[in-house]
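Take a look at the structure below.
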Amino acid sequence: MKNFIEELQWRGMLHDSMPGTEEHLLEEMRSAYVGFDPTADSLHIGNLVPIMLLAHYQRCGHRPIALVGGATGMIGDPSGKSSERNLLDETTLRHNQECVKAQLGHFLDFSSDEQNAAILVNNYDWMKNISFLEFIRDVGKHITVNYMMSKDSVKNRISSESSEGMSFTEFTYQMVQGYDFLHLFQNMETTLQMGGSDQWGNITTGTELIRRIGNGKGYAITCPLITKSDGSKFGKSEGGNVWLDAKRTSAYKFYQYWLNTSDEDAEKYIKIFTFLDQETINSLIEEHKVAPHERVLQKRLGEEVTNLVHGNEEYEKAIAASNILFGNSTSDDLKSLDEQTFLDVFDGVPQATVTAADIAEGLDMIGALAAKTNFLKSNSDARRALNENAVSVNKEKVDENFVITAKDLIADKYVLLQRGKKSYFLLSVE
RNA sequence: GGGGAGAUACUCAAGCGGCCAACGAGGGCGGACUGUAACUCCGCUGACUACGUCUUCGCAGGUUCGAAUCCUGCUCUCCCCA
């Protein structure tokens with residue numbers, strides 16, 4: 001049995017644990033669970049930390065259980081929230097659960113014959129049949145309101161004067177989540193719950209229930225909330241959340257997110273989000289310090305995580321796309337791409353169409369940037385960009401007098417426009 | 001209820017009869033540099049049929065050759081006294 005706690009410690013993934021947890025885990029194979037909120041039909045990289053907790057857990061020889069919060073998702077966790085949550089209906093939740101399940105399969109081994117194969121459960125399955133009366137009689141009786149009120153998640157909501165208060169529903173959340181732990185303890189020998197450090201309060205309600213009702217002992221491990229060194233929120237890019245689903249965040253953008261992490265964060269993240277061992281990571285860090293501009297850390301981090309989430313084929317494509325967009329690729333390189341690759345690379349770039357006649361006549365730059373396409377918000381904006389020497393056609397800088405004609409078409413129907421280095425626009429001809 | 005201050009572009013904030021599409025700062029965007037970074041430097045940042053024209057300074061009227069600037073009314077915000 002590999003020492004899970006030690007593993008978490010050097011990776012910087014241990015925030016807090018209940019006394020005795022380490023010994024408990026070293027004795028024999030144990031089952032632990034982490035809950036996931038099915039609030040969307042995809043997980044995002046913020047969920048990656050608890051996922052990695054489970055994945056490392058399984059690699060240490062223990063049995064990970066992923067709990068999809070169908071029931072708890074209907075209530076809404078008040079932790080860290082300043083206002084009442086919106087509730088989702090059952091159909092949406094069911095759909096989301098299916099999607100989340102598929103994504104977790106990339107990280108956890110659900111199908112092996114080993115004793116520690118991962119298991120997926122949905123708390124809706126056991127919560128749905130419990131009546132309100134049963135619950136308050138059999139479970140509620142054992143926990144005092146005083147105890148519940150002492151939790152930070154509750155205190156913060158009822159004490160802050162600006163808030164609208166807290167509904168009974170949300171107040172009950174910790175009981176429902178705590179009951180999950182009790183249920184898993186009694187039915188699946190689950191003795192450990194893990195989660196982000198904001199979940200500590202909810203988890204201890206669970207261990208309390210296990211002590212009082214289950215006559216047993218439950219353990220808890222929390223991991224730190226992931227931060228970014230510049231203070232912005234982890235897992236957000238300009239486009240919003242960075243999702244694990246390629247339909248929401250393309251593999252290319254996903255890779256780019258990791259590649260763009262700061263040096264300081266990359267050191268932290270590579271420990272958390274990859275399975276690389278300590279020795280490998282240390283030598284990578286050393287290598288990075290010698291030549292920071294090579295960004296070996298960021299590249300390796302991006303490689304590992306993208307491979308894990310999207311697979312090797314998608315990773316290779318992301319690299320290819322990155323080279324075209326940021327490497328020294330020329331107009332000729334662009335024109336040599338076949339249509340499918342070209343579209344893959346520029347997936348998600350704003351597009352507009354112009355007619356073949358426009359091209360035949362020769363399309364002026366104002367028309368291409370604004371008048372006919374609305375890529376930029378006004379003709380003035382387009383003129384400004386041209387004056388700033390910011391506009392490129394097929395990666396070559398052009399001025400206001402440039403006219404797009406048939407010779408500029410890629411794959412006979414596309415023209416790649418750029419304003420500055422980072423904003424691309426794709427013009428296609430019909 | 002009484003008294004006072006104010007509302008200006010994405011934000012903060014000057015301007016107080018013509019020289020105002022409106023100082024300055026922040027932000028945003030672009031250029032040089034660079035590691036697809038940080039720092040630094042430079043430029044741009046109302047629109048258009050663009051060396052000119054048009055619409056903007058809480059809203060609606062008015063005075064004037066001419067108003068963001070003066071007058072009247074309205075709406076909203078803040079402060080002080082009761």
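Order of the sequence lines sets the chain letters (A, B, ...), proteins ahead of strands, with each chain counted from 1. Not measured: the values here are computed from a predicted model.
Base pairing analysis places B:C59 opposite B:G73; the two distances defining the Watson-Crick or G-U wobble pair are each below 3.5 Å. For B:U40, the paired base is B:A32 (Watson-Crick or G-U wobble, both distances below 3.5 Å). Pairing of B:G18, defined by two Watson-Crick or G-U wobble distances under 3.5 Å, is identified with B:C65. Partner assigned to B:G52 is B:C48, using Watson-Crick or G-U wobble distances below 3.5 angstrom. Shown here, B:A13 forms no base pair; nothing in the strands shown gives a Watson-Crick or G-U wobble contact with both key distances under 3.5 Å.
Cation-pi check for A:R419 over A:F375 is not met; the charged atom does not lie both under 6.0 angstrom from the ring centroid and within 45 degrees of its normal.
Between the C1' atom of B:G30 and the CG atom of A:D399 lies a distance of 16 Å, rounded to the nearest Å. A straight line from CZ of A:R384 to P of B:G30 spans 13 Å, rounded to a whole angstrom.
A salt bridge is defined here as a Lys NZ or Arg NE, NH1 or NH2 lying under 4.0 Å from an Asp or Glu carboxylate O, and A:R94 with A:E98 fails to meet this definition. Look at A:E7 and A:R11 and you find a salt bridge, because one of the NZ, NE, NH1 or NH2 atoms lies within 4.0 Å of a carboxylate O, short of that distance. Between A:D41 and A:R248, at least one side-chain N (NZ, or NE/NH1/NH2) sits under 4.0 Å from a carboxylate O, which counts as a salt bridge. Taking a cutoff of 4.0 Å between a charged side-chain nitrogen and a carboxylate oxygen, A:E287 and A:K289 do not qualify as a salt bridge.
Across B:C12 and B:G27, the matching C1' atoms stand 10 Å from one another, rounded to whole Å. A distance of about 9 Å separates the P atoms of B:A14 and B:A7, rounded to the whole Å. Comparing B:A22 with B:A9, their P atoms are spaced 16 Å from each other, to the whole Å. Across B:G66 and B:C19, the matching C1' atoms stand 13 Å from one another, rounded to whole Å. B:A21 and B:G26 have their P atoms separated by 25 Å, with the value rounded to a whole Å.
Residue order along RNA chain B, read from the 5' end via each residue's closest nucleotide, puts A:N389 first among A:S262 and A:N389. Take the nearest nucleotide of RNA chain B for A:K377 and for A:S322: the residue whose nucleotide is more 5' is A:S322.
With hydrogens and angles ignored, no donor-acceptor pair closer than 3.5 Å exists between the side chain of A:K253 and the base of B:U36.
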